[in-house]
Amino acid sequence: MFEPEIINMITENFGVSIYMVVVSTLFSYLLGLPLGVILVVTAPGGLKPMPFFNQVLGVIVNLLRSVPFLILLFVIMPFTQFVTGSSFGANATIVPLVVSAAPFVARLIESSFKEIDFGVIEAAQSMGASNWQIITKVMLPESKPSLLVGSAIAATTILGYSAMAGVVGGGGLGDIAIRYGFYRYQNDLMYVCVILLVIITQIIQEAGLRIANKTDKRLH
Amino acid sequence: MNQPIIQIKDLCKSYPSKKGAAVALEHINLDIYPGEIFGIIGMSGAGKSTLVRCINFLEKPTSGTVIFDGQDLSKLSSKELCKARQSMGMIFQQFNLLMQRTALQNICFPMEIAGIKKEEALKRARELLKLVDMENKEDSYPSQLSGGQKQRVAIARALATNPKVLLCDEATSALDPKTTRAILNLLKDISKRLGITVIIITHEMAVIEEVCQKVAIIDNHVIAETGTVAEVFSRPKQDATKRLVYPEDRKLPDFNAARCFRLIFDGTSAMEPVISNMIMDCKTPVNILAADTRVMEGQTFGQMIIQIPEQTSQINLERILVYLDNKHVQAEEVSGCLNLKS
């Protein structure tokens, strides 16, 4: 159906898509996890309530989340250029992906932590646990299944965003779908890319759920 | 020995709210001695859960303080407070076990926090599982355990760091009566074997009667009465105590009979068959209409309503009253609508 070079291009960009998602998700968690922890810990009724700071941080997170990804992509281009030395290609797409996904990840982590029964945290406090011990030994391990489900959601969202970066030649399957399929009316190529994206999304989502269920000791 | 392990001194706690401060506790003073099983009882909303959280400073009192084992908790840094809390175990109504850890790992948890070496912690955790009769469940997760089993693991966990005091916040309120009794017996046994001081917070009289030596009644944010269980429950002085000892739903049906007497047993005539001796001595049959007595620390407390047949002569009647008086059983004539409320 396709010439070998086109098939080559698809496989190559399939790899690029996966690369972008994996690296962006990793960096988003590197930033988003501490941010989410801070949001929960400083919230009123949290381990170390700091209402004003919490509110300011919340507004910043919401602000970043409300900027449409495509606009963010252009706005931070100088920063992207500074970090990666280029303003297009996979590495250059990762920067706006992380900036956009990190606050989202922070909110995901915040909601996972809020699922923890406060009684368990209180029990740890009654044993003389410090706040740091409560975060690392209670909150993180106890919300592990929920965090895993969250990471699948984050990865699929990042995959969706990465496809949008095709508009500026970000690379990956979305890039082909837009450049060849959409702009040059190669519908068959567009469909193939979209179907591949659907399959990746399904796999990430399903794997995330399964791993989460498997590790959740409440279900056995 | 006669130094209190916990001294609560003029403790007040209120929560800020939009309509001024909401008072939870007012001027609480309590001394709790080593090895005691001390009950704190009150209706819901009385402030008892806040009080137990003030004892280990999970809630910081608004004023007043707690002296635990010679240290004033209000003067400790947060690090020192964490250290002090390791000497106070706590168990909860909802058990509050870590759901993602096995029973054994749950018991190891406080030891991890205290920085005890892993092998040592595991060894101690296994001993504790044995103590609470759960040896064969070390690899079970909390979701695989029943309520009573979860509370046993929670007790073992609370004991892991060799605390001097065990705080129990409604520890049996989520359990059925049989399991409640088993858990209470375990607490009693632990207190005796390890010499640990146990503080039990509850809204159930039966829990206090079953295990406590001393009790404090908390009502409307203040301590209404405190003393030994026998003292407080047999001669309740305060309305709050009376409501707990003889709640409204223990009201007995109406009797419209003449010559009814209310007998009050206050522990002085314990194991003696007082009524049957009275019947034989005074040669008068009596009809027991209602009785509500309980045994505390081997003594009988409570009330009984008896009816003396109408044909009984005045002399026999007086003999009965004198007899009862000799046995230190108070008798008073009642008629019409009766109930055992004093």
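- Along residues 38-75 of chain B, the residues that come nearer than 4.5 angstrom to chain A, judged on non-hydrogen atoms, are Arg53(B), Asn56(B), Leu58(B) in order of number.
- In terms of non-hydrogen atom pairs under 4.5 Å with chain B, the most contact-rich of Gly119(A), Ser126(A), Pro145(A) is Ser126(A).
- Taking a 6.0 Å sphere around OH of Tyr15(B), one finds it holds more than 12 heavy atoms contributed by other residues, nucleotides or ligands.
- Per-residue counts of heavy-atom pairs under 4.5 Å with chain A were compared for Met90(B), Glu112(B), Arg101(B), Lys79(B); the largest is that of Glu112(B).
- Counting only distance, with no hydrogens or angles, the side chain of Gln100(B) and the backbone of Pro141(A) share no donor-acceptor pair below 3.5 Å.
- Counted within 6.0 Å of CD on Gln55(A), heavy atoms from surrounding residues, nucleotides or ligands total 12 or fewer; the atom is thus considered open.
- Residue Phe69(A) qualifies as enclosed at atom CZ: its count of foreign heavy atoms under 6.0 Å is above 12.
- Pairing each heavy atom of Ala129(A) with each of Ile113(B), the nearest pair is CB-CD1, 3.3 Å.
- Within residues 91-99 of chain B, the residues having any heavy atom under 4.5 Å from a heavy atom of chain A are, by residue number, Phe92(B), Asn96(B), Leu97(B), Leu98(B), Met99(B).
- Within residues 152-172 of chain B, the residues that have a heavy atom under 4.5 Å from a heavy atom of chain A are Arg157(B), listed by number.
- With a threshold of 4.5 angstrom between heavy atoms, Glu142(A) approaches chain B through its backbone and through its side chain.
- In this structure, NZ on Lys217(A) lies 12.5 Å from OG on Ser140(B), to the nearest 0.5 angstrom.
- The environment of CZ in Phe118(A) is crowded: more than 12 heavy-atom neighbours from other residues, nucleotides or ligands sit within 6.0 Å.
- Listed by sequence position, Cys82(B), Arg85(B), Gln86(B), Met88(B) are the residues of residues 81-89 of chain B in contact with chain A, using a 4.5 angstrom heavy-atom cutoff.
- Your options are Lys137(A), Gln125(A), Met127(A), and the one with the most heavy-atom pairs under 4.5 Å with chain B is Met127(A).
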